[in-house]
Each structure stands twice: as C-alpha cells, then as structure tokens.
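Lettering follows sequence order; numbering is per chain, from 1.
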Amino acid sequence: MPELPEVETIARLIAPRLAGRKILAAEFRCGFVMRADPDRTAGMLIGRKIARVHRRGKFIVLELEGGGFVSIHLGMTGRLFTKGDPGPYTRAILTLDRGMLLFDDTRRLGRFEVTPELPARIARLGPEPLEVEFAEFAARLAKRKARVKAVLLNQMFLRGIGNIYADEALFRAGIHPLAIASRLRKDRVRRLHKAVVQVLTEAIAKGGSSVSSYVDADGRRGFFQVEHRVYRRTGEPCVTCGTPIRRVLVTQRGTHFCPRCQKR
DNA sequence: ATCGGTACCTGCACGC
DNA sequence: TGCGTGCAGGTACCGA
C-alpha cells in the first residue's frame, strides 16, 4: 500500500508515541511476515527501550537503546496502529510501558524484522529522493539502460518511490514511461528530478494517498488520491489535453500515462 | 552488473 | 448466488 509519503506520514505520527518507551511484551502471529524465531525475537525486544523512530525509504526503523533495530516494511497492505484491538490480520503486537504498537497486514507481503545491525538491504538502498542533488540524480540515471519507469521503481536507484508516484512524476515531467533512462536529455532529466520532488512533497503535505485501504495510525485517510492525474485513470481524459489515459505493463506493474503529453 | 519475469500472499470488483 | 479472472501502493530471487 504505502510509498514514501505514506510511510513518512505514519513515521511522523508514531515516532513521538514510541520514542523513549520500553517494550514490555512482544507477540508475533505470522511466520511469513516475521521469518525469524518468534520467541528469540521477542527475547531481543523485551525490556529494551526505543531510542528513536525514523523512515528509510519505505522502511520504518525503530532504533533500540544500546543497539539493535526493528525494521518494518508495510508491503502492499501493511498498517501500523498505536491503539486499537488485534484483528484477524494482526501479525505483531508490541506492548509498551505506555501504549502499544500493532502491525496488521492482510496480504502478508510486509516484514517485521529485529536485528543487531541495520539489515544490509536497508543500508544499501539508494539515496532519499527528497535529498538527492540534481547532479547525482542525473549521474545515477545515466547509468541505467532500463525503462525510466522501472528505474524509478528500483529502490537501489532512489529509495521510496512506488507505482503511484512513479506514474505521477513521469506525467508531470512529460516523459514516456517506456523511455530508456540513460537516453534522456539533460533538460528532461531536470524536469523529472523536479517532478519527483514536487509530487512527493505535495503528497507528504497532504498526509499520503489513499487508494483503498490506507489508514494512518489514527485511522485517518490521506486525500492525495483526488489529485492523481494518471494513476488508475485508464481511459479517462488527460487533465491537460483530453487524450484518453493509457495503461501498459512495465515489469509487470500497471503503468498509466498520456500518450500525447508524455514523449519518449 | 543489470534487466525482466516470476513467486510470494489475500481480497475485491467484475462479468457471466 | 457462485465462480473464474484480473487487479492491487510491495520486494526477493533467478536465469539470461
């Protein structure tokens, strides 16, 4: 479900509620979401204090005082709550000295991991899209021979962009999703960089999008969906030129674009 | 090293 | 009503 803006929204909301709290109990209900041994994992958590909470790409990372990390990935359908009751899709429950953390995930594509060090696959992610300088953005893009849509989705290129914001950024930049990344001219690369920053910044300001199931830790919904210009608008008129929005597959992901406004 | 296809999951909307 | 199909914001892994 969530991309950078949604994860950021959730992280900002739960961080002050979790920072400084001590973990009293940990319960896990799904071996797929948490692959390690549940008892051993609980043992790594109980009695520990959460030092701080931050987002890294689409991961939410809880740093434990004295070392250790809880890395949470929401997959497509993961949700975090700081209050409420466990339900049929609850996969992890942390009981704190004040409050709780509840992790729900219907499709079980999410992950809840506890490790002594920050996992390599998180440490290895590409730069944050809102922090990367244009020069680095351009240099990284120039090395990629894949389609630009696929590159935007690659977390080793930039961390945090997903299917919605990739489509929306490409539309705003006027770039065809099937264009080869390394062949984009400099002015178009500049437009793409600007569009990525813009679309993510706007979405964060609005509290993340809401396609179907996104609910933040307070159960509120984001409202960015009303602003989607191409995503899931197949057949509807382009907001700029009226041409019907088209849908194609890029690396098996639905990809929406205006065939007139977005050139290769 | 990089790229594209596939696997991993469940639920929902849709047409028949 | 029930069933089959296609779709869904995720990453990991494999062979080319």
Item to complete: State which of C:dA8, C:dG10, B:dC3 makes the closest approach to the side chain of A:K145.
Response: B:dC3
Worksheet item: Between C:dT11 and A:Q155, is there an OP1 or OP2 to side-chain N/O distance shorter than 4.0 Å?
Response: yes
Discussion item. Could you check whether A:F137 and A:F157 have their ring centres less than 6.0 Å apart?
Written reply: yes
Worksheet entry | P gap between B:dC9 and C:dC14, integer Å | 15 Å
Practice prompt. Please map the stems of DNA chain C, keeping only stretches of three or more Watson-Crick or G-U wobble pairs with both distances under 3.5 angstrom.
Written response: B:2-8 with C:10-16, B:10-16 with C:2-8
Item to complete: Identify whether any heavy atom of A:R247 sits under 4.0 Å from a base atom; if not, whether one sits that close to sugar-phosphate; answer base, sugar-phosphate or nothing.
Response: sugar-phosphate
Worksheet item: So what does A:K143 hit on the nucleic acid, given a heavy-atom distance under 4.0 Å: a base, only sugar-phosphate, or nothing?
Response: nothing
Worksheet item: Hey, mind stepping through A:F103 and A:F28 against ring pair (Phe, Tyr, Trp, His ring centres under 6.0 Å) and telling me if it holds?
Response: CA-CA 9 Å; A:F103 177 42; A:F28 305 103; 9.8 Å; no
Worksheet item: Looking across every strand, which nucleic acid part, if any, lies under 4.0 Å from A:R121 by heavy atom: base, sugar-phosphate, or nothing?
Response: sugar-phosphate
Worksheet item: How far does CG of A:L102 sit from OG1 of A:T82, to the nearest 0.5 angstrom?
Response: 9.5 Å
Item to complete: State which of C:dA8, B:dC3, C:dT11 makes the closest approach to the side chain of A:R232.
Response: C:dA8
Discussion item. Please determine whether a side-chain nitrogen or oxygen atom of A:R144 lies at a distance below 4.0 Å from atom OP1 or OP2 of B:dC3.
Written reply: yes
Fill in: Any donor-acceptor N/O pair under 3.5 Å between B:dC9 base and A:R107 side chain
yes
Practice prompt. Could you check which of B:dG11, B:dG4, C:dA8 has an atom nearest any side-chain atom of A:H256?
Written response: C:dA8
